[in-house]
**Student:** 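What follows is a structure written as structure tokens; I'll ask about it next.
In this text, all values refer to a predicted model and were calculated from it rather than measured experimentally. Along the sequence shown, residues carry numbers from 1.
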Amino acid sequence: MRHDANLTSDRPTFVTHLECAMTGEHYAADMLHGLSRVGRPLLVRYDLEKAGQVLTKQALAGRPADLWRYRELLPVRRTENIVSLGENATPIISLDQIGRSKGAANLWVKDEGRLPTGSFKARGLVMAISMAKELGVTTIAMPTNGNAGAAAAAYASRVGIESVIFCPADTPEINVREIAAQGARVYRVNGLIDDCGKLVAAGKEANGWFDLSTLKEPYRIEGKKTMGLELAEQLGWELPDVIFYPTGGGTGLIGMWKAFAEMEALGWIGSKRPHMVAVQAEGCAPMVRAWEAGERHATRWNDAHTIAMGIRVPQAVGDFLILDAVRESGGFAMAVSDEAIVAAVDDAARLDGLLLCPEGGATLAAWRKALGEGLISPDDKALLFNCATGLKYPMADQSRTLDKDGPIDFSAL
Ligand SMILES: *Cc1c(COP(=O)(O)O)cnc(C)c1O
């Protein structure tokens, strides 16, 4: 089946309104919105009863495996506004060797590196850009640590929207180049992602940019929520016991949590939830600090540093949504060292043949640490998130050279 079989105009959507995640105040659908009046994220609400009459488990079973199969639970009204690069469902892969070494039979990775532009940012940005198109935006601007900018640039160019992207000067080279190659104007900034965000805020009035920063528009969460729908469906509507999520702005964790609630309302799953684990790096762990202090909001983490750029986010506008989900789920927040991240990436590739990105490595490092501390058991069904292809990141050169013209001792190879 062609993937675009999901992109038919007879698939209605069931959005009723938007709602401030902090105050519950309602906002009209089908209008351009940024943050709510109190400066917090807006959540999209649906008529789930009506949606559930059309979108049943049986209906899903007959649709191609991409994120548009959940169309009735997504915000885009008009099919012609959907800008797709083939947002395929991503596989869940077991880490057998690593699991066995700890006596665990159920260690899985959802490998999001298989998506367009090589990261799960495609899920969020395909939705944000499709909605930007639907609502008449002509230029978007955003700060990025790399992958979000790449996905935004690709989808924006595809649909004829201009994009202006600001990234920290030390963003991985391949990200900066792919952003430019995909048609954006990209600037390296001598600061962190929140400094880049301030440039967007400062320039948007005068330049007519629409601010596409994480959670500052309502639709990236809706795209990311498909991870929760998809993993539930892939696991036979039985959620894992624990999910390890590498947390920067937290869009995916918040999105999955929302998906679980919507699925329960639809009668697709029960009330059991996975323990949600927000994984951060020791060099940038504002959620871990707030979680340990029992606070609902996190203060800015100064001098943030880690090799896992995707989670080098000193401050998140959705902090309370991340922390609420972690607490309600009986999960926890945990920081891991860069050394543990490197070791995890190395082991997953060498032992199980799966090349993780550093952020994915962080989730494996956290799983090991949590096992060691008795926070989880080897019997728990654990799902890690690998959020980008490992191929985007620098790798150590471990090759050796051969001289084809000289004598070669083949027995030594
Ligand atoms: C953006 C990103 C993250 C963090 O995702 P959030 O949902 O924003 O917390 C993790 N890993 C990679 C590779 C990323 O690009």
**Student:** Could you tell me how the ring of Phe244 sits relative to the ring of Phe332: parallel (under 30°), tilted (30 to 60°) or perpendicular (over 60°)?
**Tutor:** perpendicular

**Student:** For the pair Lys50 and Glu72, find out whether any cationic side-chain nitrogen is under 4.0 Å from an anionic carboxylate oxygen.
**Tutor:** no

**Student:** Is a side-chain donor-acceptor pair under 3.5 Å present for Arg40 with Thr23?
**Tutor:** no

**Student:** Does the distance from a Lys or Arg side-chain N to an Asp or Glu carboxylate O, for Arg123 and Asp66, drop under 4.0 Å?
**Tutor:** no

**Student:** Indicate whether the side chain of Asp380 and that of Asn106 have a donor and an acceptor atom separated by less than 3.5 Å.
**Tutor:** no

**Student:** Do Lys381 and Glu238 meet the salt-bridge criterion of a basic N to acidic O distance under 4.0 Å?
**Tutor:** no

**Student:** Find out whether Trp68 and Val76 are in side-chain contact, i.e. whether some heavy atom of one side chain is under 4.5 Å from a heavy atom of the other.
**Tutor:** yes

**Student:** Count the heavy atoms belonging to other residues, nucleotides or ligands that lie under 6.0 Å from CD of Glu373, then report whether that count exceeds 12.
**Tutor:** yes

**Student:** Begin with the C-alpha distance, continue with both residues' side-chain angles, and end with the deciding distance and a verdict on side-chain contact (heavy atoms from CB on, under 4.5 Å) for Tyr245 and Ile311.
**Tutor:** CA-CA 10 Å; Tyr245 187 80; Ile311 53 175; over 6 Å; no

**Student:** Distance-only, no hydrogens or angles: does the Lys57 side chain make a donor-acceptor pair with backbone N or O of Trp268 under 3.5 Å?
**Tutor:** yes

**Student:** Specify the closest pair of heavy atoms between Gly146 and Thr171, including all atoms of both residues, with the distance to one decimal.
**Tutor:** CA-CG2, 3.7 Å

**Student:** Under a 4.0 Å N-O cut-off, is there an ion pair linking Glu359 with Arg312?
**Tutor:** no

**Student:** Nearest 0.5 Å, what's the NZ-CG distance between Lys198 and Leu192?
**Tutor:** 9.5 Å

**Student:** Inspect the surroundings of CG in Asn302 and state if more than 12 heavy atoms from other residues, nucleotides or ligands are less than 6.0 Å away.
**Tutor:** yes

**Student:** Short question: side chain of Ser130, backbone of Met127 - any donor-acceptor pair under 3.5 Å?
**Tutor:** no

**Student:** Using a distance-only test with no angle check, is there a side-chain donor-acceptor pair under 3.5 angstrom linking Glu222 and Tyr46?
**Tutor:** yes

**Student:** Does the pair Met142 and Ile165 meet the rule for a side-chain contact (heavy atoms from CB on, under 4.5 Å), with working shown?
**Tutor:** CA-CA 5 Å; Met142 72 185 293; Ile165 310 284; 3.6 Å; yes

**Student:** Is it true that the side chains of Glu233 and Tyr70 contain a donor and an acceptor less than 3.5 Å apart?
**Tutor:** yes

**Student:** Any donor and acceptor pair, going by atom type alone, linking the side chain of Thr247 with main-chain N or O of Gln280 inside 3.5 Å?
**Tutor:** no

**Student:** Would you sort out whether Glu328 and Trp257 count as a side-chain contact (heavy atoms from CB on, under 4.5 Å), showing the intermediate values?
**Tutor:** CA-CA 10 Å; Glu328 279 171 40; Trp257 196 245; 3.5 Å; yes

**Student:** Answer whether the closest heavy-atom distance between the side chains of Leu323 and Arg296 falls below 4.5 Å.
**Tutor:** no

**Student:** Does the pair His26 and Thr16 meet the rule for a side-chain contact (heavy atoms from CB on, under 4.5 Å), with working shown?
**Tutor:** CA-CA 10 Å; His26 286 204; Thr16 52; over 6 Å; no

**Student:** What is the minimum heavy-atom distance between Ile140 and Val137, and which atoms define it?
**Tutor:** CG2-CG1, 3.7 Å

**Student:** Check this for me, if you would: do Glu264 and Arg273 make a salt bridge, where the nitrogen-to-carboxylate-oxygen distance has to be below 4.0 angstrom?
**Tutor:** yes

**Student:** Which heavy atom of Leu35 sits nearest to which heavy atom of Pro41, and what is that distance?
**Tutor:** CD2-N, 3.8 Å

**Student:** Looking at every non-hydrogen atom in both residues, tell me the closest pair between Ala232 and Leu239 and how far apart they are.
**Tutor:** CB-CD2, 3.6 Å

**Student:** For Met256 versus Gly228, what's the shortest heavy-atom pair and its separation?
**Tutor:** CG-N, 3.6 Å

**Student:** Give me the atom names and distance for the closest heavy-atom approach of Pro168 to Cys196.
**Tutor:** N-SG, 3.7 Å

**Student:** Does Ile307 offer a backbone N or O that forms a donor-acceptor pair with the side chain of Tyr393 under 3.5 Å?
**Tutor:** no

**Student:** Find out whether Phe14 and Leu48 are in side-chain contact, i.e. whether some heavy atom of one side chain is under 4.5 Å from a heavy atom of the other.
**Tutor:** no

**Student:** Between Thr306 and Asp338, do the side chains contain a donor N or O and an acceptor N or O under 3.5 Å apart?
**Tutor:** yes

**Student:** Between Glu112 and Thr90, is there a side-chain donor-acceptor contact under 3.5 Å, judged purely by atom types and distance?
**Tutor:** yes

